[in-house]
Asker: 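What follows is a structure written as structure tokens; I'll ask about it next.
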Amino acid sequence: MNDLFTWAALGSLTGASAATLLTANVVGGLIGPNGDKARKWIALGVALALSYATAAFATDAGAEKWIIAFFNGLVIFSAALGANQLPPGNRQATQASPTQLAQGREPRFIRSWV
């Protein structure tokens, strides 16, 4: 159990980003080929939920922790989304249909949402 997620890990940027990425990909994969647009919203919701949950446990912070939690949620979302893919030149080409495989490549479980 020590190698899996812990509350402390979920409170870190790395752990929260990983949890956001995994949740969005698993739920989006369960939705099916039309789940790509939903993955973005799922990721944003999970990132904000984790950020606000972390803020709720912060007892030494004032009322501004809720504003900071919002921006921390955006940071978590950006890390999970892959901020390095935001410029169009960094994006991978997507296929017109998920059932068509280009150049004999297998479909990937984790792929660009952008």
Side-chain angles (χ1 to χ4, degrees):
M1 281 302 288
N2 293 337
D3 294 333
L4 300 175
F5 280 109
T6 62
W7 288 114
L10 286 175
S12 70
L13 176 61
T14 305
S17 298
T20 299
L21 175 71
L22 290 171
T23 304
N25 276 311
V26 168
V27 174
L30 291 173
I31 292 172
N34 297 328
D36 281 344
K37 188 175 280 192
R39 289 178 203 236
K40 294 177 187 178
W41 291 105
I42 293 166
L44 181 61
V46 170
L48 289 172
L50 288 173
S51 179
Y52 281 117
T54 303
F57 287 110
T59 56
D60 57 345
E64 70 276 359
K65 71 181 177 181
W66 302 111
I67 296 170
I68 294 170
F70 173 75
F71 290 107
N72 283 339
L74 296 180
V75 170
I76 294 168
F77 172 73
S78 296
L81 179 71
N84 61 334
Q85 291 187 3
L86 290 181
N90 292 348
R91 296 182 191 160
Q92 296 176 348
T94 58
Q95 299 170 356
S97 170
T99 57
Q100 297 174 340
L101 298 177
Q103 301 169 352
R105 286 191 246 158
E106 293 294 319
R108 296 180 299 162
F109 178 70
I110 298 176
R111 56 191 168 143
S112 174
W113 307 339
V114 185

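Quick caveat: nothing in here was measured; it's all calculated off a predicted structure. Both backbone and side-chain heavy atoms feed into the values below; hydrogens, waters and symmetry mates do not.
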Asker: Once rounded to the nearest 0.5 Å, what's the spacing between atom OG1 of T23 and atom CZ of R39?
Answerer: 12.0 Å
Asker: Which heavy atom in A24 sits nearest to a heavy atom in A43, and how many Å separate them?
Answerer: CB-CB, 3.9 Å
Asker: What's the shortest heavy-atom distance between S17 and A79, and which atoms?
Answerer: OG-CB, 3.2 Å
Asker: If you measure from CG on L48 to CG on L74, what distance do you get to the nearest 0.5 Å?
Answerer: 6.0 Å
Asker: Got a sec, which residues hit side-chain contact (heavy atoms from CB on, under 4.5 Å) with F57, two or more places apart in sequence or on another chain?
Answerer: none
Asker: Return the minimal non-hydrogen interatomic distance between A16 and L50, and the atom names on each side.
Answerer: O-CD1, 3.8 Å
Asker: Keeping the roles fixed (side chain from T20, backbone from F77), state whether a donor-acceptor pair exists under 3.5 Å.
Answerer: no
Asker: Would you compute the distance between atom NZ of K65 and atom CD1 of I68 and round it to the nearest 0.5 angstrom?
Answerer: 10.5 Å
Asker: Hydrophobic cluster mates of I76, side-chain heavy atoms under 4.5 angstrom, ILVMFWY only, any path?
Answerer: L13, V75
Asker: Identify, with sequence neighbours excluded, every residue that meets side-chain contact (heavy atoms from CB on, under 4.5 Å) alongside W66.
Answerer: Y52, A55, A56
Asker: Walk me through whether I42 and I31 qualify under side-chain contact (heavy atoms from CB on, under 4.5 Å).
Answerer: CA-CA 11 Å; I42 293 166; I31 292 172; 4.2 Å; yes
